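Note on naming: letters A, B, ... go to the chains in the order of the sequence lines (proteins, then strands), and numbering restarts at 1 for each one. These numbers come from a predicted model, not from an experiment.
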Protein chains: 2
Amino acid sequence: MKITINTYPFPDEDLRQLELDFKNVDFSFVSSKKDLLNEIEDSDAIITFYLKKSQMESASKLKWIQAISAGVDHFPLDYIKSRNINLTTGRGIHKIHMTEYALSMMILGARRLDKMMLDKNKRNWNHDIPQNEIFGKKLGIIGLGSIGMEIAKKASILGMEVYGVKSLEDEVPGIEKIYTLKDLKQLTSKCDYIINLLPHTDETDKVIDEEIFNSMKKESCMINMGRGGTVNEDHLHTALSEKKFRLYISDVFEEEPLPEESKLWDLENIVITPHICGPSTNYMKKAYPIIKENISRYLNNKELMNRYSFTKGY
Amino acid sequence: MKITINTYPFPDEDLRQLELDFKNVDFSFVSSKKDLLNEIEDSDAIITFYLKKSQMESASKLKWIQAISAGVDHFPLDYIKSRNINLTTGRGIHKIHMTEYALSMMILGARRLDKMMLDKNKRNWNHDIPQNEIFGKKLGIIGLGSIGMEIAKKASILGMEVYGVKSLEDEVPGIEKIYTLKDLKQLTSKCDYIINLLPHTDETDKVIDEEIFNSMKKESCMINMGRGGTVNEDHLHTALSEKKFRLYISDVFEEEPLPEESKLWDLENIVITPHICGPSTNYMKKAYPIIKENISRYLNNKELMNRYSFTKGY
């Protein structure tokens, strides 16, 4: 049993523990494309952030790919399916640090701390920015996967009233009411903070559009931590210019890096971070328990966790 | 029974409810110095953010002052004591919104979100800032009053290990270990995040000095939400210039506004906010339950809550 572990772009020290945990497995640690190609050839499994079709073609023994990322859109899904290879994901790795981003950004938005960062650079002591808070406010979470549920849990501990959107309109403990994507406006018209965690699929493409922006409360704040393609950015620019709602905070954009010529940069009521929600200096430490569990299941012929469904698309 | 209510600088709508709650009390709402002087003359009590000796001298019936602020250093304490007037404070009003500031600033510090706010204004998509998190980190809270305890509670829910400094080294549930101010270095040398909530007294004057900065871990982050006078700012400038620790985040300074010529503005490893921790757009809503409870106790000759102790000094 040989498993290739490609840890690029993170250092591999945290995963080296696997060698101690599974003494009968032949692990091969690689961190370059060349080494990957050499080692995958006779591997039964590979643990990696990416894998191209050309890199898989020589790997005739390959039976399982463990993605270290949560999303797997960048893997050659049709080819993996056609070869009947198991694909599992890093779902759950991000929930702690993405929840921290969500909480800090809601409070930043309530207090407009972003303005103070600019004031600091101008030696400007401006005490007059209204200071609001998230306690007691209504939060709407669009997409209740492992990250959305963790945000819901912690936001409600901080005193927020939480609403959600998921594919099935059932009950979830701690969440006041669940809507489906087709009733999105019912959530956006009600909430003070709206967090978008949607993946980008045919169904979600540009689903956040002028109709949604027009439904929002004037004082509300929207945070996009999902995918840029779920938002109509032309409509967004218009809505922000016309102050349809108070503030848009986004880590993701239709085109990334956000092009230098984008008009979004100039708006006063937008906060931009450069797709840094997902990365974490502790990323591999968090990936470790998922990988360990799945190797153990694989060796014991048990059902793998975090299996990607080719029919559902996640 | 007449109570003057001076609501300046906040709007009074939230406190108007008192007129409905206590129909037998003669309330007088004022929001200017002139009206204050007129109305206090025959008042039994006053509820206010400030009161000068000159404003009190004509108030011969005055038996109780309810400060709406948490600190009362700006009241004429000796004079109030000499006239045997009860003084109660707004202790507890701030704990929710100051805790939100603390949480958001720790996460901002872990991710250096402040840098991204500047990058946004330069249309600069810089994806390379290391992204850390507060989960699993050690937090030291210097000053465990109502705000410190609330921060401790919520930070531990977010996965932090919490240590504290208070005047008596006893046990507090949810806090790993309590130190006293004279053992401060034991806390500062251990923690990844250190929050200073100290009031400014003879005992705490410039207590955060080069010895403390030298004790800190290179990767640590200190947040001052207490008083500027508790920090030796010359030592602070040296410590930050020499990168003795990673980041200083401060809402308070020895002189406020922080003078334009201060060298602190120029440092890359400092985040400055203009003393905005305390204010909140919901301030009066939060003051309301304390004021209501105390009026009720006053009318029923019961011990008032939040009584200022002239011997303890808080």
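Contact check for A:His97 versus B:Arg111: side-chain heavy atoms found under the 4.5 Å cut-off.
Other residues, nucleotides and ligands contribute over 12 non-hydrogen atoms within 6.0 Å of the NZ atom of B:Lys217. Remark: B:Tyr8 OH is loosely packed, at most 12 non-hydrogen atoms of other residues, nucleotides or ligands lying under 6.0 Å away.
Residues B:Tyr101 and A:Ile107 share a closest heavy-atom pair of N-CG2, 4.5 Å.
One distance of note links CD of A:Glu133 with CE of B:Met98; it measures 12.5 Å at 0.5 Å rounding. Distance check, rounded to the nearest 0.5 Å: CE of A:Met105 to CG of B:Leu108 gives 7.5 Å. In this structure, CG on B:Leu258 lies 11.5 Å from CG on A:Asn124, to the nearest 0.5 angstrom. Considering NE2 of A:His127 and CD of B:Glu256, their distance stands at 8.0 Å, rounded to 0.5 Å. Between atom CG of residue A:Leu264 and atom CZ of residue B:Arg123 there is a gap of 9.5 Å, rounded to the nearest 0.5 Å.
Heavy-atom pairs under 4.5 Å with chain A peak, among B:Asp128, B:Asn132, B:Asp119, at B:Asn132.
For chain A, the nearby part of B:Leu113 is the side chain; its heavy atoms alone come within less than 4.5 Å. Heavy atoms closer than 4.5 Å to chain A are found nowhere in B:Thr99, neither backbone nor side chain. Interface remark: B:Asn126 contributes backbone atoms only to the contact with chain A (heavy atom separation under 4.5 Å). Residue B:Leu267 touches chain A through its backbone alone, counting heavy-atom pairs closer than 4.5 Å. The parts of A:Leu118 that come within reach of chain B are both its backbone and its side chain, each placing non-hydrogen atoms under 4.5 angstrom from that chain.
Inspection of non-hydrogen atoms places A:Lys154, A:Ile157, A:Leu158 of residues 152-160 of chain A under 4.5 Å from chain B. When the heavy atoms of residues 271-286 of chain A are compared with those of chain B, the residues falling under 4.5 Å are A:Val271, A:Ile272, A:Thr273, A:Pro274, A:His275, A:Ile276, A:Cys277, A:Pro279, A:Ser280, A:Thr281, A:Asn282, A:Lys286, listed by number. Annotation: residues 227-238 of chain A contacts chain B through no residue [non-hydrogen atoms, separation under 4.5 Å].
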Can B:Trp265 and A:Lys120 be said to form a side-chain contact (heavy atoms from CB on, under 4.5 Å), step by step? CA-CA 7 Å; B:Trp265 290 111; A:Lys120 185 246 177 182; 4.1 Å; yes
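With sequence neighbours left out, A:Arg112 forms a side-chain contact (heavy atoms from CB on, under 4.5 Å) with A:Asp114, A:Lys115, A:Ile129, A:Arg246, A:Leu247, A:Glu268.
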